[in-house]
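For reference, the structure is listed below as structure tokens.
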Amino acid sequence: MDRRRFIELTIASASLALTGCGGGGGGDSSTSTPPITTQPFDDSFKELSSKLQGTVITPASTDYDNARVVYNTRFDDIKPKAIVRCTSADDVVATVEYARKAGIAIVPRCGGHGYAGYSTTTGIVVDLSSMNKITLSNGTATVGAGARLVDVYDQLTAKGVAIPLGSCATVGISGLTLGGGIGIVDRAYGLTCDNLISADVVLADGRKVTCDAGVEPDLFWALRGGGGGNFGIVTSFTYKTHPTRDITVLQAYYNFADYEKIMDAWQNWPSKLPDTIWGQLILSWNGGAPSVYLRAFCLGTEADLTPYWNQFKAETGVEPMNPFISTSSYRDTMLSACGGATVEQCHVAGQTPKGIMQRNAFAATSDFFAKPIPLEGMQTLKRFILDGQAKAQYGMIIMDLMGGAIKNFQPSDTAFIHRDALFSFEYYSYFNGGTAAATVDASQAWLHSFRETMKPWSTNLAYVNYIDPLITDWKTAYYGNNYARLAKIKTKYDPNWVFRLPQGVEPG
């Protein structure tokens with residue numbers, strides 16, 4: 001493989017290889033029972049429109065088809081009664097009150113990347129994309145709930161600071177934060193939700209509250225990993241910031257025949273790495289021969305990373321193909337997901353005037369592992385991949401190291417339960433935009449079978465931001481022992497279940 005092709009593949013995978021280009025947030029309530037109707041429904045939404053600074057978009061609006069769709073074209077058949085483009089928290093309040101009184105399902109939307117289509121509905125979509133203001137003050141950043149990661153990176157790094165985020169540039173800040181937030185600097189600084197200081201929230205009864213560790217602490221606890229769209233609609237987040245540093249990136253390919261040796265060294269790497277280094281391994285079989293792709297990100301110089309890279313190579317005894325190490329600014333590293341597009345262009349086409357990023361279709365699910373996978377488990381996974389390839393079932397497994405600062409919290413300290421995980425797996429397949437939903441659904445079922453295959457070695461838990469509608473024990477899978485507390489908090493803040501998802505926290 002020549003260097004140019006290698007770099008092209010690296011750029012192409014950058015937007016999904018760290019976070020899968022998905023996120024939590026929102027909910028497709030079309031499959032659940034809406035609240036009891038207490039007033040007649042007006043499909044023109046004139047009454048609601050009269051109370052807003054923002055805009056109500058209905059099927060009669062010229063831009064309805066553009067406004068209603070989410071990132072994953074798999075859900076293009078879902079048609080909301082209205083999309084409300086809110087410009088303020090008061091707009092959100094008016095929309096929530098209207099939906100509650102009319103008994104219409106309501107879901108929030110930020111970036112619209114939810115894996116199961118839970119940021120759209122046949123009811124009302126609360127579009128927060130216009131609420132995207134970003135401000136800095138004394139070591140904190142306040143970010144509007146509609147901001148995309150590309151804009152957060154752009155504006156914060158211009159001031160020499162950042163917060164831990166994912167690397168899919170078009171993802172929204174809300175779903176990422178509310179589900180936890182896994183990314184390349186988490187071992188150094190913790191998850192996105194670990195850096196959350198406070199949040200402004202519109203509750204199911206229309207009240208506006210600001211929650212933090214001292215005020216509405218139960219709500220604040222739930223918002224840090226409890227999943228988007230469950231407890232209210234967040235309108236603004238305030239985070240702790242960190243000074244930016246240059247990032248050194250290592251990239252290398254290996255032959256799939258050497259997978260076990262590479263996997264063995266990779267999954268034992270965290271015990272030898274400083275928290276400033278994060279690693280990722282990607283197994284990919286997308287039509288050609290399966291490949292093994294290694295990436296490591298170091299907050300520091302090439303000299304800081306090289307000893308650990310040399311150690312890794314010595315432990316595997318395998319010579320990598322096309323190894324490449326480069327050092328770039330924090331900003332350039334994070335914005336590489338844009339593939340050379342400008343910040344203005346690095347938005348989904350149709351969502352902003354200059355956005356050019358194209359929507360696609362995808363399916364995914366996830367696993368966590370608390371200890372290294374033994375040889376038997378690695379060989380089982382390898383056989384399953386080769387069997388899938390033989391049946392033209394293509395995809396990738398994105399493996400992310402955890403540990404470091406993520407373990408500074410106990411599993412019960414926040415709603416994010418996976419504090420003791422050594423690494424995570426994301427089983428992922430992507431398709432061209434417009435691929436038939438049935439095709440993607442079939443891939444979802446096949447990817448889900450990986451969880452059963454690896455169950456003897458995994459924690460049997462899953463990441464709520466990679467939400468999988470086929471997980472039947474989802475309460476335990478996403479939240480473990482934290483679910484009982486989440487249900488009590490749901491009862492406190494949304495007893496009538498105004499905000500409901502097919503896999504959403506239930507009052508109780």
Side-chain angles (χ1 to χ4, degrees), residues 18-20 22-25 114-116 118 166 175-183 186-187 190-194 221-228 230 267 270 280-281 363-374 377-378 380-381 384 397-428 444 447-487 489-490 501-506:
L18 302 183
T19 62
Y115 277 39
Y118 292 175
L176 179 75
T177 302
L178 297 173
I182 295 174
D186 291 347
R187 286 173 49 82
L191 304 168
T192 307
C193 72
D194 296 342
W221 179 89
L223 295 181
R224 290 176 293 160
N230 275 316
Q267 65 183 350
Q280 185 177 64
L281 199 65
T365 190
S366 62
D367 260 332
F368 286 91
F369 297 81
K371 20 175 130 169
I373 301 170
M378 288 189 278
T380 298
L381 182 62
F384 202 77
I397 303 176
I398 305 165
M399 311 177 189
D400 293 342
L401 289 183
M402 298 187 69
I406 298 172
K407 294 190 70 172
N408 290 345
F409 292 81
Q410 293 299 312
S412 60
D413 287 345
T414 68
F416 184 88
I417 194 71
H418 316 287
R419 299 294 177 175
D420 296 327
L422 189 62
F423 50 87
S424 65
F425 276 19
E426 181 184 9
Y427 310 104
Y428 191 97
Q444 181 75 49
L447 291 169
H448 180 82
S449 65
F450 273 93
R451 282 181 50 83
E452 291 301 313
T453 299
M454 297 307 293
K455 193 172 183 177
W457 305 283
S458 75
T459 63
N460 202 30
L461 302 177
Y463 185 29
V464 70
N465 273 359
Y466 301 156
I467 203 162
D468 173 4
L470 299 181
I471 296 177
T472 55
D473 61 339
W474 58 267
K475 295 177 183 178
T476 300
Y478 301 141
Y479 304 117
N481 293 333
N482 285 343
Y483 185 81
R485 183 177 176 186
L486 288 167
I489 295 170
K490 178 71 169 180
L501 326 177
Q503 287 185 326
V505 177
E506 302 169 4

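Positions are given from 1, in the same order as the sequence printed here.
Checked by atom type and distance alone, the side chain of Tyr466 never pairs as donor or acceptor with a backbone atom of Tyr115 at under 3.5 Å. Side-chain N or O atoms of Asn465 include one that pairs as donor or acceptor with a backbone N or O of Leu176 at under 3.5 Å. Side chain of His418 to main chain of Phe423: no donor-acceptor pair is present (N/O by atom type, distance under 3.5 Å, no hydrogens or angles). Side-chain atoms of Arg451 come within 3.5 Å of backbone atoms of Ser366 as a donor-acceptor pair (strictly under, hydrogens ignored).
The closest side-chain heavy-atom distance from Cys193 to Leu178 is not below 4.5 Å. Proximity of Asn408 to Asp194: side-chain heavy atoms (C-beta onward) are nowhere separated by under 4.5 Å. Side-chain contact between Ile397 and Phe450: present, with at least one pair of heavy atoms (C-beta onward) separated by less than 4.5 Å. Arg187 places a side-chain heavy atom less than 4.5 Å from the side chain of Pro270. Taking 4.5 Å as the limit, every side-chain heavy atom of Asp413 sits out of range of all side-chain heavy atoms of Arg224.
The OH atom of Tyr478 sits 3.5 Å away from atom CD of Gln503, with the distance rounded to the nearest 0.5 Å. The CH2 atom of Trp457 lies 8.5 Å from the CD1 atom of Ile373; values are rounded to the nearest 0.5 Å. Taken from CE in Met399 to CG in Leu401, the straight-line distance is 10.5 Å, to the nearest 0.5 Å. The CG atom of Asp400 lies 9.0 Å from the CG atom of Asp186; values are rounded to the nearest 0.5 Å. Atom CG of Leu422 and atom CZ of Phe369 lie 10.5 Å apart (nearest 0.5 Å). Here the OG1 atom belonging to Thr365 is positioned 7.5 Å from the CG atom belonging to Leu447, to the nearest 0.5 angstrom.
Between Trp474 and Glu506, the shortest heavy-atom contact is CZ2-OE2, 4.0 Å. In plain terms, the two heavy atoms of Asn230 and Val505 that are nearest each other are OD1-N, 2.9 Å. Of all heavy-atom pairs spanning Ala364 and Glu426, the tightest one is CB-OE2, 3.9 Å. Listed here is the closest heavy atom pair of Gly226 and Ala415: N-CB, 3.4 Å. Nearest heavy-atom pair, Ile417 versus Pro411, reported as atom, atom and distance to 0.1 Å: O-CB, 3.6 Å. Taking every heavy atom of both residues into account, Ala477 and Ile471 meet most closely at CB-CG2, 3.9 Å.
Relative orientation of the Tyr463 and Phe368 rings is perpendicular, given thresholds of 30° and 60° on the angle between their planes.
Heavy atoms from other residues, nucleotides or ligands lying under 6.0 Å from CG of Asn481 number 12 at most.
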